[in-house]
*Asks:* 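After the structure tokens below, expect a handful of questions from me.
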Amino acid sequence: MNKKGFHLAPAASIRLNRRKCVCGIETVIFLCVFLFSLSANAQERVKNVSFHDGMVVCATPDAAKVGLDILKKGGNAVDAAVAVQFALAVTHPEAGNIGGGGFMVYRSARGESNTLDFREKAPAGASKNMYLDSAGNVIPDMSIATHKASGVPGSVDGMVEAYNKYGKLKWVELVQPAIDLAHNGFKITKRLASDLNRNRAQFVKLNTGKSYLLKDSDWKEGDLLVQEDLAKTLIQIRDKKREGFYAGTVADLLVSEMKNGAGLISKADLENYHSVWRKAITGNYKGYKIITMPPPSSGGIALLQLLHAVEKYPLHRWGYNQDSTVQLMVEAERRVYADRSKYLGDPDFYKVPVDSLLNPVYLDARMKSFNWNTATPSTSIEPGNFAGYESDQTTHYSIVDKEGNAVAITTTLNDSFGSKIFVGGAGFLLNNEMDDFSAKPGVPNMFGLVGGKANSIQPGKRMLSSMTPTIIEKKGKLFMVVGTPGGSTIITSVFQTILNVIEFDQDMQQAVDSKRFHHQWLPDVVYQEKDAFSSSTQTKLEQKGYKVVEHGPSGRVDAILVNKAGYLEGGADPRGDDTKLGW
Ligand code: GLY
């Protein structure tokens, strides 16, 4: 064990050394396998392989390789994160981005934690009722698929800030791999081909300029995707860092694109955009320290509320997705999402009552109305009251470096491919993050989430998020790095993944693979992934009044665990092209 708590001997080679070679043919086969594994530089996408020198788990194989190469060059977790962010902007256009925003949770090998908020902001020209018609009704799709749907992007500033504070390698080394991927192209996966084909009509409808994501015939798995305009934009960022995006040619192109659709982002909005370092919020669950994202994410507070609500119950004895386990978790989720709708927003504009929301006395009182015999109807649950209070698509990556520094970043364009509007000539997609604001109290956004004053639109304000990048410590040492995309389901997916490991003894990959369920107060429905519940669990829940509805895959959790033996073990979500690479 080295001083960071990681074992120094590679797990794979230990296993190989134990293997006895008893006959000739076995020896030859064994050596072939061994040499093959060496030739692959110990980079493996297979299950249950653990590493000691670093690990990257993210949404695409190409971006994971970029991150691992940076770690191997001596870069730290933040260096690798910057390189992965830009590589995802090229290889995962659904959500990887330079035109969106996100959050980073960081924990150094020495145990210091920090978070960076590079969430998009409402442009100065935005206003509370900007998505309402003259009768006061929300105009469908205006906050989703128009030039007015975009917040001022934060990702590039976020990467520069993170790098300036923690980066070690040269900035150009971190951006160049993405430029190469954009310029030389990369082979697209079956999933990306199908995502591109499915969105073709929208791309054509919403754009006037050339897009490298469009071609005359359908995309097929293995096609080479070259993005010359994006490569040029990335070169500006490589050479001028922040100024390469928020000023000069790229800023000019972005503002001129806004004019194509009465969009609001101005040169001044770009110049004025700055990400913010915020103190992590922390909590405890059965001795594990949870380090997570504060507002404007709702995710961190909600996660801590959920963990507190279930902590005193014997989940381990009840078991994974058994009826008591599910009932308790659903009732906690119902109450937590009700709180989210009222109290969570941008702390720079709205006094989020963090301490009250996390007060154990308040949280225990919230669960008092829970009745084992019957589902609590959501209509009977209001956001809580406490004394003294005045009134699918995102992506996540987890990285650990050789020293034991850890990064959890969740970043987003909001919807898949954001607003689906490209900045003409600059080759990147714009977010539609403005839909994460509450356009009108009580009217659900695209994720069915409702909100009010705390999350109303104001110029310069950040829209509320559910992104929940999280790092967990056990006995003062790194234990887990976790997060996921998935809109409103982000919080519940992270919650379940953590419980899968801590309560249900699943390894990291199992915990990520395991079927998930979700409840968000409104609508009053328990969504389950196909076969998440056994028929007996489902029947018992339905008999108590729970409405169980099957829905598609929930989230794409990418996580790293320091396992009992002290090795790094990855969980890459099989619901996507997600990849884990280590060394
Ligand atoms: N755009 C999804 C979220 O931030 O929660």
Side-chain angles (χ1 to χ4, degrees), residues 59 85 88 92-105 115-122 131 141 143-145 149-155 158 275-276 278 292-303 306 333 336-337 339-341 343-347 352 392-397 408-420 429-439 444-451 454-455 457 461-470 482-495 518 520-521 554-558 576:
Q85 175 79 26
L88 285 172
H92 187 45
E94 298 99 322
N97 68 82
I98 53 176
F103 300 129
M104 171 174 91
V105 175
T115 80
L116 182 62
D117 166 4
F118 54 99
R119 182 75 163 161
E120 301 93 323
K121 295 174 90 162
Y131 299 120
D141 279 355
S143 63
I144 294 176
S150 301
V152 184
S155 291
S275 37
V276 186
R278 301 190 192 271
T292 188
M293 194 67 208
S297 178
S298 62
I301 288 180
L303 177 65
L306 289 170
E333 290 168 8
V336 165
Y337 276 81
D339 279 357
R340 181 195 190 279
S341 73
Y343 296 117
L344 272 296
D346 181 350
V352 180
D392 185 16
Q393 258 300 343
T394 297
T395 189
H396 174 86
Y397 47 100
I409 289 187
T410 315
T411 178
T412 185
L413 290 167
N414 200 23
D415 208 354
S416 191
F417 302 103
S419 65
K420 298 168 181 72
L429 283 155
L430 286 164
N431 68 81
N432 57 357
E433 219 72 60
M434 293 293 283
D435 189 66
D436 271 347
F437 278 117
S438 168
N445 72 358
M446 76 163 89
F447 300 114
L449 292 166
V450 290
N455 190 32
I457 305 170
K461 186 175 176 182
R462 289 177 158 94
M463 55 295 287
L464 184 60
S465 171
S466 299
M467 295 187 287
T468 315
T470 297
V482 61
T484 183
S488 58
T489 67
I490 290 174
I491 299 164
T492 50
S493 294
V494 171
F495 177 45
H518 172 76
Q520 60 177 49
W521 179 47
S554 188
R556 289 178 189 178
V557 178
D558 284 341

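Residue numbers count from 1 along this sequence. Worth saying up front: this structure is predicted, and the values here are computed from it rather than measured. As the structure lists them, so they are numbered: ligands from 1, and atoms in each ligand from 1.
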*Asks:* Which of the atoms in ligand 1, numbered in the order shown and given with their element, are less than 4.0 Å from a heavy-atom of S466?
*Replies:*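 Heavy-atom distances to S466 below 4.0 Å select 3 (C), 4 (O), 5 (O).
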*Asks:* Could you identify the single nearest non-hydrogen protein atom to atom 4 (O) of ligand 1 and state the distance to 0.1 Å?
*Replies:*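 The closest one turns out to be S465 OG, 2.7 Å.
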*Asks:* Please examine the side chains of T411 and Y397, heavy atoms only from C-beta on, and report whether any two atoms are closer than 4.5 Å.
*Replies:*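 Side-chain contact under 4.5 Å: yes.
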*Asks:* Between D346, D436, N455, D117, which is the residue that forms a side-chain hydrogen bond (donor to acceptor under 3.5 Å, both in side chains) with R462?
*Replies:*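 Of the listed residues D346, D436, N455, D117, the side-chain hydrogen bond (donor to acceptor under 3.5 Å, both in side chains) partner of R462 is D117.
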*Asks:* So, for N414 and D435, which heavy atoms are closest and what is the spacing to 0.1 Å?
*Replies:*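 Looking at all heavy atoms of both residues, the shortest contact is ND2-CB, 3.8 Å.
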*Asks:* I'd like to know whether ligand 1 has M463 as a neighbour, heavy-atom separation below 4.0 Å.
*Replies:*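 In this structure, M463 fails to qualify as a contact of ligand 1 - no heavy atom is under 4.0 Å.
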*Asks:* Counting heavy atoms only, which of I491, D436, T412 comes nearest to atom 2 (C) of ligand 1?
*Replies:*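 When every heavy atom of I491, D436, T412 is considered, D436 comes closest to atom 2 (C) of ligand 1.
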*Asks:* Side chain, backbone, both or neither: which part of R119 has a heavy atom under 4.0 Å from ligand 1?
*Replies:*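 It is the side chain that touches ligand 1; the backbone stays farther off.
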*Asks:* Are H518 and F495 an aromatic pair, judged by ring center distance below 6.0 Å?
*Replies:*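 For F495 and H518, the ring centres are not under 6.0 Å apart.
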*Asks:* Looking at M293 and S297, what are the two nearest heavy atoms and their distance?
*Replies:*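 Closest heavy-atom pair between M293 and S297: CG-CB, 3.8 Å.
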